[in-house]
Number of protein chains: 2
Amino acid sequence: MKLDVELMILDELIQEIVQGKYQVNEQFPSENELSQKYNVPRIKVRNAFLKLEEMGYIYSQQGKGRYLKDKQLKIKLHLTGAQSFTEKMTEAGYAFESKNIGCEKITYHPRIYSILQVSPEDEVFKISRLRMIDGKPIALHSSFVAKSIFPNIEQDGSRLSSMFAYYRENGWTEFTSSDSHLSISFPTSEERSILQCPSLIPLLIVESDCIAASQHKVLEYTKIIYRSDSFTYKIPSE
Amino acid sequence: MKLDVELMILDELIQEIVQGKYQVNEQFPSENELSQKYNVPRIKVRNAFLKLEEMGYIYSQQGKGRYLKDKQLKIKLHLTGAQSFTEKMTEAGYAFESKNIGCEKITYHPRIYSILQVSPEDEVFKISRLRMIDGKPIALHSSFVAKSIFPNIEQDGSRLSSMFAYYRENGWTEFTSSDSHLSISFPTSEERSILQCPSLIPLLIVESDCIAASQHKVLEYTKIIYRSDSFTYKIPSE
DNA sequence: TCATCATAACTTGTTGCCAAGCTAGTGAAT
DNA sequence: ATTCACTAGCTTGGCAACAAGTTATGATGA
């Protein structure tokens, strides 16, 4: 069994943080101080700190030191539910804001096309909305819809805020959905930049669809990317 | 905007991996090779590789090189459901195995005690089972029960494989549960050792309870820790 | 007394150098 | 021809030395 001092130090630091040893913006012991305390080379302590920073616990200032970051607001979120994201948030009393950040045609993607039940010749558009609380991005909501079902989506897409409202405008009134799929991954550089998060924040990815109840027609494939440090999630007990 | 070459290289490597550029056990370009290609110091490439290793994508051999790891089997798991874990797995046809790895008295923990609705003087025991597929640990299932409800738990705890069976033995027959709570975190050193996983595998943590339907008595507080690289999760659409 | 500057002693940030491990090739000894 | 030991050249692993930024202190001079 190889014991890794870097991870040991990281464990210890995280434990101290969750136990509340440090105040927000309080300075941590310096790299040299800890390397002497643990009797390990400075680089080991340094690497532990770097990881801690990428996990979003701390920030650092060259020449000064490392400090505890203000922790993210934890939002209780009910996963699943036909209720729209906006409804969930405003109902729960958060200073919620949603921003349409673009509508673009995607290149052929077998999985998405198959879920939408359209042919490769069809055009599919991705409408992205950024979900924010207190001006901070917390989730990225992407809806994929086919032009064959919504002929004007190319023009309409970039001004939509509620997809449900758009579907109603287009004559669809009752909706249902299949099971949601949930997975976890790390942010790509693009996602990091959009969600303004460091690299070691795991993302919770929920994929689902929206089906017109009347005709069993798939209207949309949905992919929501949540910052895992911003939420605690609830799953109904059936 | 500060662009970080380490993360840029990491992004690129991950993308190449998911796109299938490398076969399992195929060797990656060496640190020196990539540092020349990107025209950055070797340490940057090295750090990207180290992170890739901690994420479980690759393994390295000193003197030889870095190689693509065999990817984890992805198990489709239905979150929630009164169905026991064992049932879910065997039903889905996996070579599933469960190992009781101990029963121990826990020190007072306000949240757990409050969920179990017992007083601080009461004794609470944690029964841990390791869930494995093909001999590889994939989840750690911990059940917390009070001695006041199960007087013999201290003796029985370390031989139990099914809690439901134990409850029935003790005269409880119908069960229900509250909403499940879901969160994500990184493994502690202990969890890494039990689950045999590297440090940057996010863990999916599902907390729930088990309530005797007849008397509305809380029998157990449950905490299941899943390796996020071993599962894809499904959530019912209600 | 007060303002200014140089400096020393800390902090974090960067990277080059050497160690350790593996392998294939070389050539001497059998 | 075969075996063995050595070596050169690659690989990853580890870390010390240096760079850059900040701050407090104290000497200097108006």
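Letters go in sequence order (proteins before strands), and every chain restarts at 1. Keep in mind that the numbers below use all heavy atoms, side chains included, and drop hydrogens, waters and symmetry copies.
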Between [Y] and [X], is the closest basic N to carboxylate O distance under 4.0 Å?
X        : Y        : value
B:Asp11  : A:Arg192 : yes
B:Arg66  : B:Glu53  : yes
B:Lys223 : B:Glu207 : no
A:Arg131 : A:Glu97  : no
B:Lys51  : A:Glu54  : yes
A:Asp229 : A:Arg227 : yes

Checklist entry - Can the ring centres of A:Phe231 and A:Tyr233 be said to be less than 6.0 Å apart? => result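 Ring-ring flag for A:Phe231/A:Tyr233: true, centres closer than 6.0 Å.
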
Checklist entry - Do the two ring centres, one from B:Tyr67 and one from B:Phe28, sit under 6.0 Å apart? => result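 Between B:Tyr67 and B:Phe28, the centre distance exceeds or equals 6.0 Å.
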
Please give, in whole Å, the distance from [N] [atom2] to [X] [atom1]?
X       : N      : atom1 : atom2 : answer
B:Ile58 : D:dT12 : CD1   : C1'   : 11 Å
B:Gln27 : C:dA24 : CD    : P     : 11 Å
B:Glu53 : D:dG13 : CD    : P     : 7 Å
B:Tyr67 : C:dC22 : OH    : P     : 11 Å
A:Asn47 : C:dT12 : CG    : P     : 13 Å
A:Phe49 : C:dT12 : CZ    : P     : 7 Å
A:Glu31 : D:dC15 : CD    : P     : 15 Å

Checklist entry - Does the side chain to side chain contact (heavy atoms under 4.5 Å, CB included) test come out yes or no for A:Val40 and A:Ile9, once each step is laid out? => result CA-CA 10 Å; A:Val40 296; A:Ile9 293 171; 4.1 Å; yes

Next on the checklist: Please list, in numerical order, the residues of residues 37-46 of chain A that have a heavy atom closer than 4.0 Å to any atom of DNA chain C.
Outcome noted: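 Under 4.0 Å from DNA chain C: A:Arg42, A:Arg46.
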
Return the polar atom pairs (N/O with N/O) between nucleotides 22-26 of chain D and the protein under 3.5 Å, or none.
from   : atom 1 : to      : atom 2 : distance (Å)
D:dT23 : OP1    : A:Lys64 : NZ     : 3.3

Looking at [X], I'd like to know whether one of its side-chain N or O atoms comes within less than 4.0 Å of OP1 or OP2 on [N].
X       : N      : value
B:Asn32 : D:dC10 : no
B:Ser60 : D:dG13 : yes
B:Ser30 : D:dT11 : yes

